[in-house]
Amino acid sequence: SLVTPPEDASEEEQTLADVFPKGTYVSLLEVLSTANACCHFLDKSFNHFLHTNIRQRPSDNAFFAGLIGLGCNLGLERVAQVSPLINPSELDTAATWYFSLENINNGSDDIISFTDSLDLPNIYRRKQGLLHTSSAGQKRDTHPESLNASPSYKYFGQRSGGSIISFIDERHLLFHGGVINAAEREALYDIDGLMHDNVLKSDMHSVDMHGFSETIFGATNLLGFYLAPRLKRLGHQHLYAFEKRKVYEDQGFKILPQKYANETII
């Protein structure tokens with residue numbers, strides 16, 4: 001009989017499990033603190049609204065508390081109550097004078113830019129030199145009144161809600177997001193997310209049927225993005241082309257166009 005000899009324990013290779021912490025959970029505070037230690041996004045991007053008469057800058061912990069409180073929808077008051085080491089006045093100053101949409105987007109870009117420069121995330125690319133991104137909406141019910149909320153019995157029953165649309169690449173880097181009306185078609189916001197990508201440059205973008213339309217298909221092509229929707233009922237879709245059908249037959253295309261784009265209208 002054949003017997004496989006045991007491996008020498010001293011020759012075992014180190015795995016990723018040996019590198020990462022043994023704890024099951026990593027706190028959000030540790031995540032933010034580690035990210036700031038690597039790319040210093042607080043110092044570079046979170047600037048005071050005013051450039052004169054600036055009081056002492058709040059501590060990093062106040063910024064972290066504000067980001068967690070607002071980002072997790074807990075509220076600043078609740079975070080201040082459960083964080084005895086955080087000065088409520090300092091927390092309020094950080095949120096009031098340093099938290100703007102521009103600062104938050106710039107801070108997010110700092111983290112994405114640093115992560116993009118690492119070698120490890122790029123092993124998740126299916127093809128080097130081509131960045132594949134995607135976007136989708138997630139329905140959420142809303143309790144207070146909102147301009148982005150609309151009734152939808154399918155998702156919210158008797159309540160109203162909105163849709164959180166997120167843009168992410170194949171390395172799980174979230175580069176854009178927003179809240180839209182649940183009744184709106186996500187396709188209207190595909191170009192918005194792709195054009196707001198200040199760090200990553202998408203080559204191919206995937207969406208579901210809710211993020212697809214013929215107009216968006218043509219517009220993304222003109223802007224230099226390759227739209228790759230996951231089409232439902234493919235046999236019922238119409239494929240448009242600029243050239244005659246025979247041009248594609250001669251090139252060996254298996255799926256041939258049924259309609260032609262009107263360049264005059266474009």
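For the numbers below, each heavy atom of this structure counts, side chains included, while hydrogens, waters and symmetry mates do not. Positions are given from 1 along the sequence. Just so you know, these numbers come straight off a predicted model, no measurement behind them.
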* Is the ring centre of Y98 less than 6.0 Å from the ring centre of F63? -> yes
Measure the spacing between [atom1] of [X] and [atom2] of [Y] and express it to the nearest 0.5 Å.
X    : Y    : atom1 : atom2 : answer
S27  : I68  : OG    : CD1   : 7.5 Å
K232 : F212 : NZ    : CZ    : 14.0 Å
E170 : S206 : CD    : OG    : 9.5 Å
F175 : N198 : CZ    : CG    : 10.5 Å

Is there a path from [X] to [Y] through hydrophobic residues (I, L, V, M, F, W, Y) whose side chains come within less than 4.5 Å of each other?
X    : Y    : result
I168 : M195 : no
Y240 : F217 : no
L28  : L174 : no
I111 : F99  : yes
F167 : Y226 : no

Under 3.5 Å donor-acceptor, [X] side chain and [Y] backbone:
X    : Y    : answer
S160 : A149 : no
T96  : T93  : no
Q128 : N122 : yes
Q258 : L256 : yes
R245 : P257 : yes
N36  : L42  : yes

* For the residue pair M204 and F225, establish whether any side-chain heavy-atom pair is separated by less than 4.5 Å. => no
* To do: Could you tell me whether the side chain of I86 reaches within less than 4.5 Å of the side chain of V79, counting heavy atoms only?
  =>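 Side-chain contact under 4.5 Å: no.
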Can you confirm whether [X] is buried at [atom1], in the sense that more than 12 heavy atoms of other residues, nucleotides or ligands lie under 6.0 Å from that atom?
X    : atom1 : result
R185 : CZ    : yes
L147 : CG    : no
L118 : CG    : yes
E145 : CD    : no
R125 : CZ    : yes
E249 : CD    : yes
D250 : CG    : yes

Does the side chain of [X] come under 3.5 Å of the side chain of [Y] through a donor N or O and an acceptor N or O?
X    : Y    : result
N181 : S150 : yes
D169 : T133 : no
H205 : S134 : no

